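In what follows, a single structure is set out as structure tokens and then discussed.
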Number of protein chains: 2
Amino acid sequence: MAQNGKLANDLVQKLERDIVTGVLKPGDKLDERSLSERFGVSRTPVREALQTLAGSGLVATMPRRGTIVASITVGELIEMFEVMAELEAMCARLAARRMPRADIENLIALAGECDALQEHSDADAYYEANVSFHEAIYAGCRNSFLERQTKTVRNRLAPYRRLQLHRPGRVKTSNSEHEDILNAISTGDADTAGRLMRQHVAVQGEALNDLLAIVPRGYLEPLAG
Amino acid sequence: MAQNGKLANDLVQKLERDIVTGVLKPGDKLDERSLSERFGVSRTPVREALQTLAGSGLVATMPRRGTIVASITVGELIEMFEVMAELEAMCARLAARRMPRADIENLIALAGECDALQEHSDADAYYEANVSFHEAIYAGCRNSFLERQTKTVRNRLAPYRRLQLHRPGRVKTSNSEHEDILNAISTGDADTAGRLMRQHVAVQGEALNDLLAIVPRGYLEPLAG
DNA sequence: AACCGTTAACTGGTATACCAGATCACATAT
DNA sequence: ATATGTGATCTGGTATACCAGTTAACGGTT
């Protein structure tokens, strides 16, 4: 989409990965000069990369005050999860109607992978498998615009979503929900698939309190900025 | 969100307006040097503006080949309308549950404005009123992230959406649909509001053929790019 | 007349130099 | 000791110069 120069695009990829995987945390400063010498390029492509990331919301730039990895308010967190749940629900609903048999077989395999990894309590490995499962459903909706849109919002939420897995018992629950979603998609029950996915992704009630309780300092903006 | 320098931001606003209102049409070239001298700034802020616009998808940049106002394929058009319908449906659904009485009064007034303008067959005036009506519903969902997201997609579709109004009879139908949506929101019937809004926005079946038939040359990419 | 290759002009991509606002430390006054 | 004001410094914002790929025009050849 955003087709900048090669150097800038490489930087976008690297920085995006670092932010999504948590190497760079919300609030971390992104100094243009430091980045430019660290990557051996001039400030120009660095600036382009930062602007692209600002466009997708992953970083925030204040004029004359620099760029930081985006941190959001509690309100925004709730808003974004609300939208995320709906986008994923739409993916699941469409996937139930459009996903070819062969892709469903693959989805079954991915669900099995999640299931296998749940035992080992290796949070990172499980997280990756979980991402693959969800992305397979995005792809299954056969709407690449929706797929991209969904991934963008998910990336934006990644730093916070990752935290959920550290809640005891969450992985087990999550896995059984996968099973039900998979069944609905497999049988072509679009409404059920959408409803289950919405609930699977939504963060509300107790779950919201739990999440907020384990968000580290700095991940959320103070009430007065 | 994307907070660049002042000059660049001004350019983003101007160019975005020109694209959304149709002054700049899909396929039009956006030459960096021409723009820079036309606006009396250097190429740097021009480039920043173009990159921001590329990020939201309004323009497309090919390395070493320049920037043009984005044109999309028929497939993408269908995909984007599908997502648009769902986003607006979500707005309507949430608005039915959350919109304060005072704002609903305002929404009623806006619907009346559309109704009044429908007679005069002034397509542009009606279009503006129509936008106001829809935006009031976006605001009514009380989720500013969803509101922004929805506006972004709408802007992206604006060049094509505007064409729909030139279909004879469309304005009248559209207006009566507004009435029904308004009623659903006013009575707090979330499901109905969402369903009606989805149908109101969706472009499918005959309506899709009609739209495609009046899209000017150049608005859609040829099958082989 | 049609085809192909060379080349010149155009346009973006990158680097660098310069300017201006924001921050922070230090000194001074209360 | 604290508060405030001033200036050095840090960091972005803007302009410009230079480099490299792409395109298209022109001329020569067949």
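Note on naming: letters A, B, ... go to the chains in the order of the sequence lines (proteins, then strands), and numbering restarts at 1 for each one. Just so you know, these numbers come straight off a predicted model, no measurement behind them.
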Reckon B:Arg65 has a side-chain N or O less than 4.0 Å from the OP1 or OP2 of C:dG12? no
Would a 4.5 Å heavy-atom cut-off, applied to side chains only, mark A:Leu163 and A:Pro216 as touching? yes
Just the rounded figure in Å: distance from P of D:dC10 to CG of A:Leu35. 17 Å
Does A:Arg38 pair with A:Asp31 as a salt bridge, N-O distance under 4.0 Å? no
Residues B:Lys151, B:Glu147: salt bridge by 4.0 Å N-O rule: yes
Toward the 5' end of DNA chain D, which comes first, A:Arg64 or A:Thr44, by nearest nucleotide? A:Arg64
Rounded distance (Å) that lies between atom P of C:dA20 and atom CD of A:Glu32: 18 Å
For the backbone of B:Lys25 and the side chain of B:Asp28, can you confirm whether one donor and one acceptor N or O come within less than 3.5 Å of each other? yes
Taking CG from A:Leu50 and C1' from D:dG13, how many angstroms apart are they, rounded to a whole number? 13 Å
Is there a side-chain contact between B:Ser42 and the phosphate of D:dA15, meaning an N or O under 4.0 Å from OP1 or OP2? yes
Expressed as a whole number of angstroms, how long is the span from A:Lys29:NZ to D:dC10:P? 12 Å
Please give, in whole Å, the distance from C:dG12 C1' to A:Arg47 CZ? 18 Å
Cationic N near anionic O, under 4.0 Å, B:Arg170 to B:Asp210: no
Identify whether any heavy atom of A:Leu30 sits under 4.0 Å from a base atom; if not, whether one sits that close to sugar-phosphate; answer base, sugar-phosphate or nothing. sugar-phosphate
Quickly work out the A:Asp10 CG to C:dT14 C1' distance and round it to whole Å. 14 Å
Taking for each residue the nucleotide of DNA chain D with the nearest heavy atom, is it A:Gly66 or B:Arg33 whose nucleotide lies nearer the 5' end? A:Gly66
Taken to the nearest whole Å, CE/A:Met62 to P/C:dT23 is 8 Å
Of all the choices, C:dC18, C:dA15, D:dT16, which nucleotide is nearest to the side chain of B:Arg43 once you look at every atom? D:dT16
In whole angstroms, the gap separating P of C:dT16 from CD of A:Glu37 amounts to 12 Å
So which nucleotide from C:dA15, C:dG13, D:dG13 ends up closest to the side chain of A:Pro63? D:dG13
